[in-house]
Amino acid sequence: MRLGVMCSGNGSNFENIHHACPKHDIVIMVYNKKKAKAKRRADRLDIPSCYSKDEDEIIALFNAYEVDMIVMAGWMRIITPKLINAFPQRIINLHPSLLPKYKGLHAVEQAINNGEEFTGCSVHYVNEELDGGEVIMQSEVPILPEDTIKSLTKAIQRKEYAILPAAIEHVKQRLSLEIS
Ligand code: GAR
C-alpha cells in the first residue's frame, strides 16, 4: 500500500501511522501550514513532504507518487469534490468525536459543553458532506468531571493512535478484495 497523508499541524497521527503500519509506505505527506510540525517529523523520518494548498497540485502529487489511499490526519481544511472525486472511496479522515455527533470544528469542546458522558474519535470515508461519510471505525472515551479540553484531547488522541492504523488496514483489505 502506498499511502499519501495530509496534515495541517502537529502530525502525531502521521508519525504514528509510520510506526504502526510497517507494511504500508507513506510515500508523500502534504501539509498546508508552513509551520506545521508534521513537516519536521517528515524530515526526521525521511518521508518526502510537500507544502500545498492547491488541490490540482495535490492531485498531481498523489498521482505522481502513485498513492493507493489518502489519509487526512489532522487536515484542517475542507476539501472539494475535485479532490474527493479524483480518489473515490480512497480518502479517509480522522475526527475527534463519535460521528455523527459534533462534526466540524471544536468537537472536543462541544462534547464537554454539552455535558456528554462519552465522546471519542472516528475514522470515516470522505464524501462531499463535512465529516459525513461512512464511518469505518470508532472508539469511545469517557469524559471525566475533571477533564479539560487539553486532557480530553490527549485521551482521545491515545485512542486515535489505535483506530487510525486499524482503519487503514480495513480499507486496504477492501481495496485488495476489489482488485482480486
Ligand atoms: C487529531 O486529534 C484529529 O482528530 C484532529 O486533529 C488532530 C491532529 O492531531 N482532526 C480534526 O479535528 C479534523 N476535523 P495530530 O496532528 O497530532 O495528528
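Both counts, for ligands and for their atoms, begin at 1 and track the order of listing. As the structure is a computational prediction, the values presented were derived from the model and not from experiment.
Atom 6 (O) of ligand 1 has its closest protein heavy atom at G74 CA, 3.6 Å. In this structure, atom 9 (O) of ligand 1 lies nearest to the protein heavy atom Q157 NE2, 3.0 Å. Here the protein heavy atom with the shortest distance to atom 12 (O) of ligand 1 is P96 CD, 3.4 Å. Among all protein heavy atoms, the one lying closest to atom 10 (N) of ligand 1 is L94 O, 3.5 Å. Atom 2 (O) of ligand 1 has E160 OE1, 2.8 Å as its closest protein atom, hydrogens excluded (heavy atom only).
When each atom of ligand 1 is checked for a heavy atom of N10 under 4.0 Å away, the hits are 16 (O), 17 (O). Less than 4.0 angstrom separates some heavy atom of G11 from each of these atoms of ligand 1: 15 (P), 16 (O), 17 (O), 18 (O).
Below 3.5 Å of separation, one finds no N or O of Y161 facing any N or O of ligand 1. For A73, no nitrogen or oxygen atom sits less than 3.5 Å from a nitrogen or oxygen atom of ligand 1, counting backbone and side chain alike. Ligand 1 has an N or O atom lying under 3.5 Å from an N or O atom of S12, backbone or side chain. The shortest N or O to N or O distance between H95 and ligand 1 is below 3.5 Å.
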(request) Begin with the C-alpha distance, continue with both residues' side-chain angles, and end with the deciding distance and a verdict on salt bridge (Lys or Arg N to Asp or Glu O under 4.0 Å) for E15 and R41. (result) CA-CA 7 Å; E15 177 158 0; R41 293 183 193 265; 2.8 Å; yes

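Within the 4.0 Å heavy-atom shell around ligand 1 one does not find C7.
Applying side chain to side chain donor-acceptor pair (under 3.5 Å) to S122 and the options K103, Q138, K101 leaves one that passes, Q138.
Residues I26 and V171 are members of one and the same hydrophobic cluster, defined by side-chain heavy-atom contacts under 4.5 angstrom among Ile, Leu, Val, Met, Phe, Trp and Tyr. Cluster annotation: I92 and L3 are assigned to the same hydrophobic cluster (Ile/Leu/Val/Met/Phe/Trp/Tyr, side-chain heavy-atom contacts under 4.5 Å, transitive). I47 and F62 are assigned to two separate hydrophobic clusters, defined by single-linkage of ILVMFWY side chains at heavy-atom distances under 4.5 Å. M1 and F14 fall within the same hydrophobic cluster, defined by Ile, Leu, Val, Met, Phe, Trp and Tyr side-chain heavy atoms under 4.5 Å apart, directly or through other members. W75 and V71 are members of different hydrophobic clusters when ILVMFWY side chains are connected at heavy-atom separations under 4.5 Å.
Figure legend: K34 and Y51 shown as a cation-pi pair, the cationic atom lying under 6.0 angstrom from the six-membered ring centre and within 45 degrees of its axis.
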